Number of protein chains: 2
Amino acid sequence: MITKTKKQEIFEEAAKLFQEKGYGAASMRDLADRVQLKASSLYSHIRKKEEILQKICSDQAHRFTEAMGEVEKMKVSEGKKVETLLSLHIRTALEDPTSITVFSDEWKHLEEPYLSEFLERRRDYEQRFRDIIQQGIRTGEFQSLDPSTILYTLLTAIRWLHYRQRPDSSMDAEKLEKEVVSLLMGGLKIGSQLVS
Amino acid sequence: MITKTKKQEIFEEAAKLFQEKGYGAASMRDLADRVQLKASSLYSHIRKKEEILQKICSDQAHRFTEAMGEVEKMKVSEGKKVETLLSLHIRTALEDPTSITVFSDEWKHLEEPYLSEFLERRRDYEQRFRDIIQQGIRTGEFQSLDPSTILYTLLTAIRWLHYRQRPDSSMDAEKLEKEVVSLLMGGLKIGSQLVS
DNA sequence: GTCTATAACTTGATAGAC
DNA sequence: GTCTATCAAGTTATAGAC
């Protein structure tokens with residue numbers, strides 16, 4: 001087992017704290033208590049509070065951008081690409097729920113210039129996702145709906161996963177992933193579900 | 001045109017402010033500026049900051065609970081019931097995006113006893129929604145997936161709508177509503193969409 | 001690296017004049 | 001109802017001893 005540095009411990013505990021109370025309501029004293037330091041000692045490891053938020057957000061953003069590059073290179077149908085991206089989002093939400101919560105809900109507390117950088121990166125990711133959707137509509141694989149409507153509905157639909165507190169034993173991650181993808185790709189109503 | 005009371009103005013402006021900055025980061029001085037008062041004067045109209053959050057949240061909760069009562073009385077298929085509930089959520093999100101944002105994202109800043117009350121009401125709503133889903137699965141109308149997975153995916157899927165800043169002229173509310181319902185009920189992939 | 005002490009500031013809320 | 005003045009408590013962050 002690799003020993004965690006104090007800095008790592010601070011970042012991990014901060015993510016949990018931001019998730020629980022929100023960035024604004026989480027104080028450096030709260031955080032210090034959790035890592036058994038005085039608040040002032042935190043500043044031997046970080047420059048400022050926002051630096052923590054910034055790192056969490058940009059790490060997660062980087063993760064998604066990289067995966068998008070992989071998916072774009074795949075020689076498969078657009079349906080398969082969307083499924084792959086959805087699976088990635090779902091798996092990430094289940095594996096690292098705290099970071100994903102902060103990334104999803106607390107980015108708006110970023111200050112410039114990080115805020116603009118974050119938003120630009122997100123716009124880029126969304127555009128590339130939208131391009132895949134658009135191509136799927138063109139080939140007749142997808143319903144002919146507004147691509148942005150599809151994009152945001154799909155991306156938002158999985159944002160409850162990271163709120164699940166403890167993994168329900170009756171519902172393992174793999175099953176959950178399969179069910180959500182099936183629901184989004186095939187719809188609630190019986191009719192179009194494919195046997196995989 | 002009915003004249004707004006100062007109190008109404010305060011509540012409306014507060015909802016916007018909470019939406020923009022989050023409850024924690026929105027100060028009473030911010031709010032006072034927006035309604036052209038000094039911060040101390042706000043307290044002639046309200047007792048405390050949380051009272052504003054509490055009213056916004058409970059008003060919206062009440063709205064959904066009432067609608068659920070109506071839907072439960074309908075003599076239609078479970079598919080139609082779910083569609084009706086989704087339409088209601090979508091329409092509400094488009095008509096009153098600020099209140100819905102606060103209701104959706106800021107409720108966690110409620111203090112006791114309002115927090116427990118809020119959560120209990122929400123649990124009740126979700127259980128009644130889940131019952132409809134379960135019945136739809138039993139009759140074979142819906143895919144046989146975990147009812148909670150369906151419930152949260154559907155409810156979360158529409159939570160991007162209230163972030164849309166200005167109604168896109170190329171995309172009116174009615175079309176948007178139809179497309180989202182079609183996507184969630186029928187799925188992204190071509191195959192099961194019904195002609196309505 | 002961690003501490004104590006503290007600077008510099010913002011927060012929600014109240015008292016009392018008008 | 002609105003104001004000025006103010007309070008107590010909380011905030012991030014820094015300085016300097018150890």
Side-chain angles (χ1 to χ4, degrees), chain A residues 2-58 102 105-115 118, chain B residues 2-58 102 105-115 118:
Chain A
I2 298 156
T3 312
K4 259 186 285 194
T5 68
K6 203 76 185 177
K7 188 166 182 174
Q8 280 176 315
E9 194 189 340
I10 290 170
F11 275 92
E12 281 171 30
E13 215 54 51
K16 287 187 209 165
L17 192 61
F18 294 169
Q19 173 183 31
E20 284 169 35
K21 313 183 69 163
Y23 178 76
S27 80
M28 297 302 274
R29 284 178 177 85
D30 288 341
L31 177 56
D33 283 349
R34 297 216 187 182
V35 296
Q36 314 209 64
L37 284 181
K38 296 295 171 183
S40 57
S41 304
L42 292 171
Y43 291 89
S44 297
H45 301 91
I46 57 153
R47 261 198 303 272
K48 49 203 283 274
K49 184 186 180 187
E50 196 213 355
E51 184 185 312
I52 305 177
L53 179 63
Q54 193 253 312
K55 177 162 167 48
I56 295 171
C57 289
S58 79
V102 175
D105 298 349
E106 305 299 330
W107 61 264
K108 65 178 160 186
H109 295 106
L110 286 169
E111 293 157 40
E112 296 295 354
Y114 302 113
L115 180 60
F118 179 86
Chain B
I2 298 155
T3 313
K4 261 185 285 193
T5 68
K6 202 76 185 178
K7 188 165 181 173
Q8 281 176 314
E9 195 189 340
I10 289 170
F11 276 90
E12 283 173 27
E13 215 54 50
K16 286 188 209 166
L17 192 61
F18 294 169
Q19 174 183 30
E20 285 169 33
K21 312 182 70 163
Y23 178 76
S27 79
M28 297 303 274
R29 285 171 177 82
D30 288 341
L31 177 56
D33 283 347
R34 297 215 187 183
V35 297
Q36 314 209 61
L37 282 180
K38 296 297 172 183
S40 58
S41 304
L42 291 171
Y43 292 88
S44 296
H45 303 276
I46 57 153
R47 261 195 302 270
K48 49 203 284 272
K49 185 186 179 186
E50 196 214 355
E51 183 184 313
I52 305 177
L53 179 62
Q54 192 254 311
K55 177 164 166 45
I56 295 171
C57 289
S58 78
V102 175
D105 299 348
E106 305 299 329
W107 60 264
K108 65 178 159 185
H109 295 105
L110 286 170
E111 293 157 40
E112 296 297 353
Y114 301 112
L115 180 60
F118 178 87

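As a basis for the values below, the full set of heavy atoms in this structure was taken, side chains included, without hydrogen atoms, waters or symmetry mates. Naming: A, B, ... by sequence-line order, numbering from 1 per chain. Since the structure is predicted, the reported quantities are computational estimates derived from the model, not experimental observations.
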Heavy-atom count check: over 12 atoms from other residues, nucleotides or ligands less than 6.0 Å from [X] [atom1]?
X	atom1	result
B/Gln36	CD	no
B/Phe118	CZ	yes
A/Lys6	NZ	yes
B/Lys38	NZ	no

N/O donor-acceptor pair under 3.5 Å between A/Glu50 side chain and A/Glu111 backbone: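 The answer is yes, because a donor-acceptor pair under 3.5 Å joins these two groups.
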For B/Lys48, is there an ion pair with B/Glu51 - N to carboxylate O distance below 4.0 angstrom? no
Atom pair distance, as rounded to whole Å: [atom1] in [X] and [atom2] in [N]:
X	N	atom1	atom2	answer
B/Asp30	C/dA13	CG	C1'	16 Å
B/Met28	C/dT11	CE	C1'	11 Å
B/Ile10	C/dA13	CD1	P	13 Å

Under 4.0 Å, heavy atoms only, any strand: does A/Ala26 hit a base, just the sugar-phosphate, or nothing?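 The residue A/Ala26 makes sugar-phosphate contact but no base contact.
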Please state whether the base of D/dG10 and the side chain of A/Arg29 form at least one donor-acceptor pair under 3.5 Å? no
Short of 4.0 Å, heavy atom to strand atom, which residues of residues 34-56 of chain A count as contacting DNA chain D?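 Nucleic-acid contacts, sorted: A/Ser40, A/Tyr43, A/Lys48, A/Lys49.
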